[in-house]
Amino acid sequence: MAPPCKVLMVAEKPSIALSIASVLSHGQMSTRRGVTEVHEFDIMFLGFHAHCRVTSVIGHVFSVDFPASYQDWTATDPLNLFQAPILKTESNPKAHIQRHLSQESRGCGYLVLWLDCDREGENICFEVIECTGFHVKEAKERVYRARFSSVTEKDILKAMDNLVEPNKDEALAVDARQEIDLKVGVAFTRFQTSYFQGKYGNLDSRVISYGPCQTPTLGFCVQRYLQITTFKQEKFWTVHPYIIKNGYDLQLEWERQMLFDLNVATMFQKLVMEDGLLEVIDISEKQESKGRPCGLNTVNLLKVASSALGFGPQVAMQLAERLYTQGFISYPRTESTAYPSSFDFKVTLNEQISNPLWGDHVQRLLVEGYQKPRMGTDAGDHPPITPMQSATEDMLAKDAWRLYQYVCQHFIASISPDCKFVRKKVQFKVGGECFHCVGQHVTLEGFTSIMPWLAVNEKRLPQFTIGEKIEVSNVELYEGNTEPPDYLTESELISLMEKNGIGTDASIPVHINNICERNYVQVQSGRKLVPTALGIALIRGYQYIDPDLCLPEIRSFIEHQITLVAKGQADHVRVVQHVLQQFKNKYSYFVKQVWHCWALDLRYFDQLNISCGPTGLLLSC
DNA sequence: GCAAGGTC
């Protein structure tokens with residue numbers, strides 16, 4: 001019998017390689033250590049007996065950079081970077097991934113690519129092909145792409161039965177993004193850094209960076225700061241009648257809410273006082289429901305970690321990764337909020353059954369039946385973040401425990417009943433004006449018993465009947481001030497970034513960290529982001545010269561252009577050239593105009609009409 | 001010294 005053919009399979013990370021090998025070998029494999037682990041076993045492949053090797057890379061193998069001749073900041077005009085050649089070099093030379101792939105591919109007749117099924121994964125496919133020598137013409141037909149929608153036995157086997165070709169267009173879209181981001185970011189960064197050199201000692205920062213993600217991120221923080229500083233406080237007045245009924249002392253709300261004219265408000269107060277008798281004109285009761293959460297994805301974990309636990313995104317991810325490698329939670333980087341159909345809720349619940357804090361709730365769910373989780377979205381990557389092994393407070397460090405606790409609470413809540421309550425609204429008329437009061441009565445705590453901070457407040461009302469008349473005990477004329485918004489919280493910033501497509505679940509923490517480390521913003525108590533003088537000056541400068549530079553649309557513009565490449569609707573080289581030409585125009589204009597703002601005292605911005613800059617240089621094209 | 005995207 002001929003020796004079996006050899007097949008090399010490559011995943012994006014070691015954990016996926018392990019999952020794939022376990023499924024395909026039915027657990028019958030041998031594993032040896034290498035740069036990344038290699039799992040070996042025999043299988044039937046395309047109808048033949050084959051020996052299979054499954055290993056992985058660790059994310060991208062390569063990243064782009066300029067050749068050495070462009071690395072000298074003083075000898076290179078940043079303008080020339082837009083047309084400069086670029087090189088791909090190993091992202092982490094010390095890891096020797098390239099050598100590892102080259103060695104493991106020796107003697108293999110087939111390559112199966114198990115990289116994550118997104119654009120970046122498609123790009124890494126071609127990096128792997130390059131490293132394994134399968135890019136030569138005669139080897140191309142022996143390269144297969146496995147497309148899996150989740151890392152489950154069912155989907156892995158399905159992918160094996162439906163091997164396809166890797167998608168070159170999607171890979172090229174990533175190449176395009178890499179080149180655009182590199183050239184635009186580095187050109188502006190080098191110019192700005194050199195420009196600020198020695199100026200404005202109080203704005204010290206070694207590098208004054210620019211980037212199509214980090215700059216709009218800073219833009220959000222400064223935008224809120226400007227709303228605060230330009231806020232004009234106004235006095236307002238509102239009329240609050242009080243009644244006493246069956247021992248309840250109630251303050252009623254006015255349908256007009258508030259008025260900005262004291263004389264008018266006083267007139268209404270007088271009308272109410274002169275009438276003095278409230279008539280109940282309507283009583284309505286409505287069944288309300290507060291929905292249980294969907295499965296937990298990374299972005300939502302980061303938001304809660306920041307707003308409720310006080311952990312920054314970087315720290316939260318470090319804690320989550322640690323919990324993951326120790327087996328306490330599932331893979332923490334995912335966009336999906338929908339559980340896969342094969343998810344075993346019973347096993348996961350059972351694991352938590354003896355927890356001293358939520359074990360009782362879990363037992364009840366197991367006995368009385370848990371709810372089907374809400375629909376959520378399936379991004380095709382990993383299942384939502386869930387607890388795995390049970391842990392108690394003494395087993396983990398304090399911060400890790402708090403994060404683990406939240407993951408458990410969220411998981412249990414996601415399959416607990418919705419919270420049900422009755423909302424009762426009573427409407428009154430007095431002196432021709434309408435007022436109301438609202439009561440709430442919880443009929444089913446549901447998931448809020450495991451997430452008590454989301455509980456609906458109980459608010460009881462006395463009995464009323466329509467047509468009933470009640471004496472007004474007091475009429476207050478309340479004077480208040482409109483309040484400016486507060487500084488942007490980190491959690492709000494994460495939401496804005498997600499909504500505007502700035503960064504990804506993995507890179508959002510990096511961009512936020514960047515603008516902190518560069519001294520553009522400071523994190524203050526309550527994880528509020530307060531821009532520094534430097535951060536404000538930068539954004540006000542862009543707003544004056546070319547607002548596009550700090551708007552979130554700068555990212556969506558790039559994403560839109562590279563999507564054309566990914567879909568095969570535009571040529572990669574032409575798209576890159578077209579986009580770079582526009583940024584080069586912006587760069588030239590920016591360099592000329594900088595004189596008019598940053599050269600002056602930075603306080604000059606305060607006197608500027610910010611909207612006078614040119615608009616649509618890029619977005620109109 | 002510089003971007004943004006993977007992953008640890």
Side-chain angles (χ1 to χ4, degrees), chain A residues 10-17 35-37 56-66 70-74 76 78 81-82 84 86 88 90-92 94-95 97 115-128 170-171 173-197 205-218 298 314 317-326 331-335 381-382 497 501-515 517-518 554-555 558-559 562 580 583 587:
Chain A
V10 183
E12 192 158 320
K13 41 188 169 277
S15 62
I16 303 266
V35 168
T36 55
E37 282 186 338
S56 74
V57 291
I58 310 168
H60 274 289
V61 184
F62 300 110
S63 57
V64 290
D65 204 351
F66 294 108
Y70 291 82
Q71 298 292 0
D72 183 342
W73 287 41
T74 48
T76 308
L81 294 175
F82 288 95
I86 52 165
K88 284 207 176 199
E90 238 183 316
S91 301
N92 184 359
K94 284 185 198 149
I97 299 287
L115 291 120
D116 292 359
C117 294
D118 52 25
R119 272 183 206 166
E120 297 297 331
E122 220 58 33
N123 187 269
I124 303 174
C125 281
F126 287 88
E127 297 183 338
V128 171
E170 291 205 344
V174 172
D175 283 342
R177 180 191 52 71
Q178 289 176 340
E179 184 169 353
I180 295 163
D181 286 345
L182 174 74
K183 291 184 169 176
V184 173
V186 173
F188 275 91
T189 299
R190 285 194 191 172
F191 170 74
Q192 289 183 172
T193 305
S194 315
Y195 180 83
F196 277 101
Q197 208 59 242
S205 180
R206 249 173 51 255
V207 175
I208 314 288
S209 57
Y210 176 86
C213 285
Q214 59 173 270
T215 304
T217 301
L218 171 63
T298 306
Q314 206 99 357
M317 283 317 288
Q318 280 164 11
L319 290 169
E321 263 153 32
R322 193 77 201 281
L323 286 168
Y324 162 67
T325 51
Q326 293 172 330
Y331 191 69
R333 245 166 298 170
T334 179
E335 284 178 46
D381 47 359
H382 297 269
M497 293 175 76
I502 306 292
T504 65
D505 51 0
S507 70
I508 282 172
V510 181
H511 299 311
I512 297 179
N513 203 48
N514 252 334
I515 61 171
E517 285 207 327
R518 298 270 153 75
I554 203 108
R555 192 67 191 156
I558 296 173
E559 290 290 338
I562 66 161
L580 285 178
F583 274 104
Y587 176 85

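Being a predicted model, the structure only gives us computed values, none of them experimental. Order of the sequence lines sets the chain letters (A, B, ...), proteins ahead of strands, with each chain counted from 1.
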Please classify the nucleic acid contact of [X] as base, sugar-phosphate, or nothing, using heavy-atom distances under 4.0 Å.
| X | result |
| --- | --- |
| Gln71(A) | base |
| Gln214(A) | sugar-phosphate |
| Val64(A) | base |
| Tyr331(A) | sugar-phosphate |
| Pro212(A) | sugar-phosphate |
| Arg322(A) | nothing |
| Asp72(A) | nothing |
| Tyr210(A) | sugar-phosphate |

Over 60° means perpendicular and under 30° means parallel, so tell me whether Tyr331(A) and His382(A) are parallel, tilted or perpendicular.
tilted
So which one's nearest nucleotide on DNA chain B is more toward 5', Gly59(A) or Leu81(A)?
Leu81(A)
Nearest-nucleotide wise, let me know which of Asn92(A) and Thr215(A) is further upstream toward the 5' end of DNA chain B.
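Taking each residue's closest nucleotide, the earlier one in sequence belongs to Thr215(A).
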Side chain of [X], backbone of [Y]: donor and acceptor closer than 3.5 Å?
| X | Y | value |
| --- | --- | --- |
| Ser507(A) | Val510(A) | no |
| Glu122(A) | Glu170(A) | no |
| Ser209(A) | Thr189(A) | no |

Outermost nucleotides of DNA chain B that come under 4.0 Å of a non-hydrogen atom of chain A:
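Range of nucleotides touched by chain A: dG1(B) to dC8(B).
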Using a 4.0 Å cut-off on heavy atoms, which residues in residues 115-122 of chain A reach DNA chain B? List them by number, or say none.
Asp116(A), Glu120(A)
Residues two or more places apart in sequence or in another chain: which of them pass side chain to side chain contact (heavy atoms under 4.5 Å, CB included) with [X]?
| X | value |
| --- | --- |
| Glu335(A) | Ala379(A), Asp381(A), Asp505(A) |
| Ala11(A) | Ile16(A), Ala17(A), Ile20(A), Ser56(A), Trp114(A) |
| Thr325(A) | none |

Just to verify, what does Glu120(A) make a salt bridge (Lys or Arg N to Asp or Glu O under 4.0 Å) with, not counting sequence neighbours?
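Testing Glu120(A) for salt bridge (Lys or Arg N to Asp or Glu O under 4.0 Å), a comparison that skips the adjacent residues, returns Arg177(A).
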Identify which one of Tyr587(A), Phe191(A), Phe583(A) satisfies the ring pair (Phe, Tyr, Trp, His ring centres under 6.0 Å) criterion when paired with Phe82(A).
Tyr587(A)
